[in-house]
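Encoded as structure tokens, the structure appears first; notes follow it.
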Amino acid sequence: MESITLMPDGWIYKKDKKIGPDILPLLSNTICLEKGVTLGSFFKMAGQYPDLIRLSDYLDPLLKIADTAGANAYASEDIQKLVFYKTIAMKGFPGTPRVEIYNSLKGIQDEKKMLLKFFSVETLVHHELTLGKLEHVIFGDGQDMFTYDTYYSLFELVEGIAWDLSFCFNPIQCTLRR
């Protein structure tokens, strides 16, 4: 599978060549993140490749929120970075077993993952964005969790981040400050 790379300025490169506006044929390509990519880089990408906005109803409003934050937004001190990762969970014991596969975006603080639903998007845009390993959880037992190297497609990244951030519509004015 061919890979593409998201740069900190929001442009996507394939084999050291900047990709033009026709991004949809590359949705299944493996995405890599260059050092220095932030959540803001992700939003710049969506702005520079407007066809990506069509992938999620949540992306356009999130892009507008991120745009209003701009360079003056402050980064939350409650997390150190963001990680996008994949989970395979075996569930259903007792009962009929099933497998669930999903992507998540979480904050990282002192190597612990944190839900982002109580953060405002404006406080996340300047945080580094990383790709994590696949987590394999067996019947909900965190001790029987394994991690594996994996890849992410451009589609997974766009749809997964938009979905998780759709729960972060807390206005920054409602944030309690220290």
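Because the structure is predicted, anything quoted here is derived from the model rather than measured.
Shown here are the ring pair (Phe, Tyr, Trp, His ring centres under 6.0 Å) partners of Tyr152, two or more places apart in sequence or in another chain: Phe84. Listed by chain and residue number, nothing satisfies the salt bridge (charged side-chain N to carboxylate O under 4.0 Å, His left out) test with Glu128 (two or more places apart in sequence, or in another chain). Residues passing the side chain to side chain contact (heavy atoms under 4.5 Å, CB included) test with Ser28, sequence neighbours excluded: none.
Taking CZ of Phe146 as the start and NE2 of His136 as the end, the distance is 8.0 Å to the nearest 0.5 Å. Annotation: the span from Trp163 atom CH2 to Leu59 atom CG amounts to 14.0 Å, rounded to 0.5 Å. Distance check: Leu157 CG to Ile31 CD1 gives 6.0 Å after rounding to the nearest 0.5 Å. The distance from the OG1 atom of Thr147 to the CG atom of Leu134 is 8.5 Å, given to the nearest 0.5 Å. Within the model, atoms CD of Gln109 and CD of Gln80 stand 4.0 Å from one another, a figure rounded to the nearest 0.5 Å. Of the inter-residue distances, the one linking Glu156 atom CD with Leu55 atom CG reads 12.5 Å to the nearest 0.5 angstrom.
Here ring pair (Phe, Tyr, Trp, His ring centres under 6.0 Å) pairs that include residues 28-48, with residues two or more places apart or in two chains, number zero. For residues 30-46, no pair satisfies salt bridge (charged side-chain N to carboxylate O under 4.0 Å, His left out), with sequence neighbours left out. Here side chain to side chain donor-acceptor pair (under 3.5 Å) pairs that include residues 3-21, with residues two or more places apart or in two chains, are Glu2-Lys14.
A distance-only check finds a donor-acceptor pair linking the side chain of His127 to the backbone of Ser76 [under 3.5 Å]. Using a distance-only test at 3.5 Å, with no hydrogens or angles considered, a donor-acceptor pair links the side chain of Tyr49 to the main chain of Ile19. In terms of modelled atom types and a separation under 3.5 Å, the side chain of Gln48 and the main chain of Met45 share no donor-acceptor contact.
Proximity of Leu6 to Leu154: side-chain heavy atoms (C-beta onward) are nowhere separated by under 4.5 Å. Under the 4.5 Å side-chain criterion, counting only non-hydrogen atoms from C-beta, Leu39 is in contact with Ile161.
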For this session: Starting from the C-alpha separation in whole Å, work towards a yes-or-no answer on side chain to side chain contact (heavy atoms under 4.5 Å, CB included) for Leu62 and Val121.
Result: CA-CA 8 Å; Leu62 288 166; Val121 173; 3.7 Å; yes
Exercise. Are Phe119 and Ile79 close enough, and set up right, to give a side chain to side chain contact (heavy atoms under 4.5 Å, CB included), and what steps lead you there?
Worked result: CA-CA 10 Å; Phe119 290 83; Ile79 59 173; 3.8 Å; yes
For this session: Check the pair Thr130 / Lys81 against side chain to side chain contact (heavy atoms under 4.5 Å, CB included), numbers first and verdict last.
Result: CA-CA 8 Å; Thr130 60; Lys81 65 181 179 178; 4.2 Å; yes
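Residue Val83 is not grouped with residue Tyr102 when hydrophobic side chains (ILVMFWY) are merged at heavy-atom distances under 4.5 angstrom, including chains of intermediate members. Phe167 and Leu165 fall within a single hydrophobic cluster, where Ile, Leu, Val, Met, Phe, Trp and Tyr are joined by side-chain heavy atoms under 4.5 Å apart, directly or via other members.
Ion pair Lys133/Glu135 not flagged as a salt bridge, since none of the NZ, NE, NH1 or NH2 atoms sits closer than 4.0 Å to an Asp/Glu carboxylate oxygen. With salt bridges taken as basic N to acidic carboxylate O contacts below 4.0 Å, none links Asp67 and Lys64.
Here the shortest heavy-atom pairing between Leu26 and Ile4 reads O-CD1, 4.1 Å. Leu131 and Leu33 get closest at one heavy-atom pair: CG-CD1, 3.7 Å. Between Ile101 and Ile88, the closest heavy-atom pair is CG1-CG1, 3.9 Å. The two residues Leu105 and Leu82 come nearest to each other via the heavy atoms CD1-CB, 4.1 Å. Between Asp164 and Asn103 the shortest heavy-atom distance is OD2-O, 4.1 Å. Taking each heavy atom of His126 and Ala75 in turn, the nearest pair found is CB-CB, 4.2 Å.
In this structure, Lys113 forms a cation-pi arrangement with Tyr85, its terminal cationic atom sitting closer than 6.0 Å to the ring centre and no more than 45° off the ring axis.
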